[in-house]
Amino acid sequence: MHTPALRPAWVEIDLGRLRQNFARIFAEKPRDLRLLCVVKDNAYGHGAVPVARFAVECGAHALGVVTVDEALALREAGIRAPILLLGERTGAELEICVQHQLTPCLHEPAAAAAFARLCAAAEVKRPFHVEVDTGMSRYGVRWTEGAETIRQLAAVPHLALEGVMSHFAMSDELDKSYALLQLHRFERVLAALQELRLRVPLRHMCNTGGYLDLPQAHFDMVRVGILPLGVYPSKTCRRIPGLEPVMRVLTRVAEIRQLQPGDRVGYGMRYTAREPRRIAVLPVGYGDGYPRVRNQGQVLIHGQRAPIIGGNAMDATMVDITAIPTAKKWDEVVLQGRQGPHEISANEIAQRKRTVCYDVLAGWRSRLPRVYKEGETVP
Ligand SMILES: *Cc1c(COP(=O)(O)O)cnc(C)c1O
């Protein structure tokens, strides 16, 4: 696990914090509420296998991913927990689901029949979930046809209806009106299923925002991805005391230069020194997933903020360290995370990149080695 960084730029994953975050979440969640940990896109850049292992160890009921490759990587790592595949599956993928015990979402009779044929050929009975589209117009059966379709799917031999789910379009902002409309639509489908005496073991609707702010939508299980990573999806959603970001992104000062008045910095000559300045060159850029900016954003050196100057390149970023005279070559630099009293959050970088924190976390390229740190924060 303790891969030494070969490059003076890396993503640090603090497993002690991850474990602590899971412990805090499990300590505060309602006892009967199950948790599915979403580890898609390499657990938002943190490494799907270690995050999945900790999730299961801490008591997660299941794991969620989006691609079959993501699911197979977990199986190859020896993870035996139930894996729910979110989204749509091709016929070829359904075959792999049967072989590797992956649970698909199905909402069309033809897909269910195809899955059932594969299960019959393998002489097994397999669970599936049905997604109900309650207002996101993405995957699933439209809520108006939900109950009737689910009734048909539940009757297909060799298949067991294990779950019915939906997904919020906006659950983490103060205005919950659309989320409540979606909840109302989902509840109507569930009530119709109850009238048909159809038992649904796992009803689930909430992502992190819903889990935090909409307890009335918890049902039997919640699907959280970003929460155990210690990052909140919005400024306004509820906070869980003690949750801390698991990821930090670091580099080292690769070069220090003295600028004379009139000196230019970087491509496009976007910065001109007005007076003597001291700058540091950092060996990272947009080729690592760092946002491409001009004279915008900051990094942390010696626990102080140092502003980015000029336009950063694919492999280099220049920062002004005139105010940090003790900074020297190969000193540690934090691009994302805490150093001393200051923190540069994924949300702060998201603003600079005009995107969401999910995109920032998942956007750090594999070119940056992942260094796993056990940490001292084991509960
Ligand atoms: C990604 C995803 C989640 C997890 O969302 P978070 O906000 O990271 O908790 C839950 N459900 C579905 C369907 C998803 O695609």
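Being a predicted model, the structure only gives us computed values, none of them experimental. Positions are given from 1, in the same order as the sequence printed here. Order of appearance sets the numbers: ligands from 1, and atoms from 1 within every ligand.
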Side chain of [X], backbone of [Y]: donor and acceptor closer than 3.5 Å?
X    : Y    : answer
R278 : Q258 : no
D41  : Y44  : no
N312 : A316 : no

> Between W364 and Y290, how do the two ring planes meet: parallel, tilted or perpendicular, split at 30° and 60°?
Replying inline: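 Plane angle under 30°, so parallel.
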> What orientation do Y211 and H218 show, parallel under 30°, tilted 30 to 60°, or perpendicular over 60°?
Replying inline: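 Y211 and H218: parallel rings.
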> Hey, which atoms in ligand 1 end up nearer than 4.0 Å to a heavy atom of G225?
Replying inline: 4 (C), 6 (P), 8 (O), 9 (O)
Protein residue, atom and distance nearest to [atom], heavy-atom basis:
atom                    : value
atom 12 (C) of ligand 1 : H167 CE1, 3.3 Å
atom 11 (N) of ligand 1 : R223 NE, 2.9 Å
atom 4 (C) of ligand 1  : Y44 OH, 3.6 Å
atom 9 (O) of ligand 1  : T208 OG1, 2.5 Å
atom 14 (C) of ligand 1 : K40 NZ, 3.0 Å

> Any idea which of V356, V224, N207 brings a heavy atom closest to atom 5 (O) of ligand 1?
Replying inline: N207
> Nearest to atom 7 (O) of ligand 1 by heavy atom, Y211, Y358, F168: which?
Replying inline: Y358
> Should we count CZ of R257 as having more than 12 external heavy atoms under 6.0 Å?
Replying inline: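 No.
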> What do we get for M205 next to ligand 1 when only non-hydrogen atoms under 4.0 Å count, side chain, backbone, both or neither?
Replying inline: neither
> Counting both backbone and side chain atoms, is some N or O of I226 under 3.5 Å from an N or O of ligand 1?
Replying inline: yes
> Using 4.0 Å as the upper bound for N to carboxylate O, is an ion pair formed by R365 and D288?
Replying inline: no
